[in-house]
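Numbering starts at 1 and runs along the sequence shown. Nothing here was measured: the structure is a model prediction, and the numbers come from that model.
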Amino acid sequence: MTPAEIAAVLICILFGVLAVLQLALVFGAPIGHFAWGGADRVLPRAKRIGSIVAIVLYAVFGWVFLMKAGLVPMALPEIVVDVAAWVITAYFAIGIAMNAISRSKPERYTMTPVAIVLTVLSLIIALG
């Protein structure tokens, strides 16, 4: 397997873990201090909707990266996949800073490293 293929598999596994976290938040698990700024232990309705959107985005991001790495058939024009991979990579890079400045220590200490890993894996895929 190429580095991009390995990174694509790893990032999809990480997306799966993050989706489980978001799903737990949707169903009211008292772990809100790990997400969305950490202000709410149990997320209010609006943030729960945000968690649902995050799950959908993880699936879309995973699909894009799997296409970019050549692990699934290209269902979009290659230029669209290439640009999307770079946009997602930039999004995760911004996420490093956003998580690093969170007022919630659990979010800051847990999600900042996750954002770093997402950025590095995304970069490997985008460059692949």
Side-chain angles (χ1 to χ4, degrees):
M1 289 183 85
T2 68
E5 290 170 335
I6 294 167
V9 170
L10 291 175
I11 205 165
C12 285
I13 291 169
L14 187 50
F15 287 151
V17 171
L18 291 171
V20 169
L21 170 73
Q22 294 291 349
L23 193 60
L25 291 167
V26 167
F27 286 105
I31 54 173
H33 51 283
F34 286 102
W36 303 112
D40 305 292
R41 191 157 173 80
V42 175
L43 297 185
R45 179 181 169 90
K47 289 182 182 176
R48 289 180 191 205
I49 292 168
S51 288
I52 292 168
V53 171
I55 293 168
V56 172
L57 287 175
Y58 296 148
V60 171
F61 294 169
W63 181 53
V64 166
F65 286 138
L66 290 172
M67 283 189 290
K68 176 68 178 154
L71 293 173
V72 299
M74 193 71 70
L76 298 170
E78 189 172 348
I79 187 70
V80 172
V81 173
D82 289 343
V83 170
W86 283 107
V87 169
I88 297 165
T89 301
Y91 172 75
F92 289 145
I94 292 167
I96 295 170
M98 297 306 292
N99 283 294
I101 64 170
S102 174
R103 285 184 258 161
S104 166
K105 283 184 182 180
E107 181 179 37
R108 190 169 54 241
Y109 295 142
T110 304
M111 299 312 289
T112 303
V114 169
I116 292 168
V117 170
L118 287 169
T119 303
V120 169
L121 292 172
S122 297
L123 186 59
I124 292 168
I125 299 164
L127 289 169

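In this structure, Leu127 belongs to a hydrophobic cluster whose other members, linked by side-chain heavy atoms under 4.5 Å apart, are Trp86, Leu123.
Considering all non-hydrogen atoms of both residues, Val26 and Ser51 come closest at CG2-CB, 3.5 Å. Minimum heavy-atom separation, Lys105 to Arg108: CG-NH2, 2.9 Å. Of all heavy-atom pairs between Ala85 and Val64, the closest is N-CG1, 4.0 Å. Arg48 and Leu43 make their closest contact through NE-O, 2.7 Å (heavy atoms, listed as atom of the first residue, atom of the second, distance). Shortest non-hydrogen contact noted between Arg41 and His33 is NH1-CE1, 3.1 Å. The two atoms that bring Ala4 and Ala69 nearest to each other are O-CB, 3.7 Å, heavy atoms only.
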Derivation of the side chain to side chain contact (heavy atoms under 4.5 Å, CB included) call for Val114 and Val17
CA-CA 11 Å; Val114 169; Val17 171; over 6 Å; no
Could you go step by step and tell me if Trp36 and Gln22 meet the side chain to side chain contact (heavy atoms under 4.5 Å, CB included) rule?
CA-CA 10 Å; Trp36 303 112; Gln22 294 291 349; 3.5 Å; yes
Test Trp63 against Leu76 for side chain to side chain contact (heavy atoms under 4.5 Å, CB included), laying out the working first.
CA-CA 11 Å; Trp63 181 53; Leu76 298 170; 3.9 Å; yes
Could you walk me through whether Met67 and Ile125 pass the side chain to side chain contact (heavy atoms under 4.5 Å, CB included) test, one step at a time?
CA-CA 10 Å; Met67 283 189 290; Ile125 299 164; over 6 Å; no
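Residues Val9 and Leu118 are members of one and the same hydrophobic cluster, defined by side-chain heavy-atom contacts under 4.5 angstrom among Ile, Leu, Val, Met, Phe, Trp and Tyr. Note: the hydrophobic cluster containing Val80 also contains Leu66 (ILVMFWY, side chain heavy atoms under 4.5 Å, direct or indirect links). Phe27 and Leu21 are not part of a single hydrophobic cluster, where members link through side-chain heavy atoms under 4.5 Å apart. Linking Ile, Leu, Val, Met, Phe, Trp and Tyr residues whenever their side-chain heavy atoms come within less than 4.5 Å places Ile6 and Phe92 in a single cluster. Cluster membership for Phe61 and Val53, using ILVMFWY side-chain heavy atoms within less than 4.5 angstrom, is shared.
A distance-only check finds a donor-acceptor pair linking the side chain of Thr112 to the backbone of Ala100 [under 3.5 Å].
One finds the OG1 atom of Thr89 at 4.5 Å from the CZ atom of Phe65 (value rounded to the nearest 0.5 Å). From Glu107, atom CD reaches atom CD1 of Ile101 across 10.0 Å, with rounding to the nearest 0.5 Å. Tyr91 OH to Leu57 CG: the interatomic distance, rounded to the nearest 0.5 Å, is 6.5 Å. Expressed to the nearest 0.5 Å, how far CG of Leu71 lies from OG1 of Thr2 amounts to 7.0 Å. To the nearest 0.5 angstrom, Ile124 atom CD1 is 13.5 Å from Lys68 atom NZ. Atoms CD1 and OG1, from Ile96 and Thr119 in turn, are 3.5 Å apart once rounded to the nearest 0.5 Å.
The aromatic rings of Phe15 and Tyr58 lie parallel to each other, with less than 30° between the two planes, well short of the 60° mark.
Around the CE atom of Met98, the shell of radius 6.0 Å holds no more than 12 heavy atoms that belong to other residues, nucleotides or ligands.
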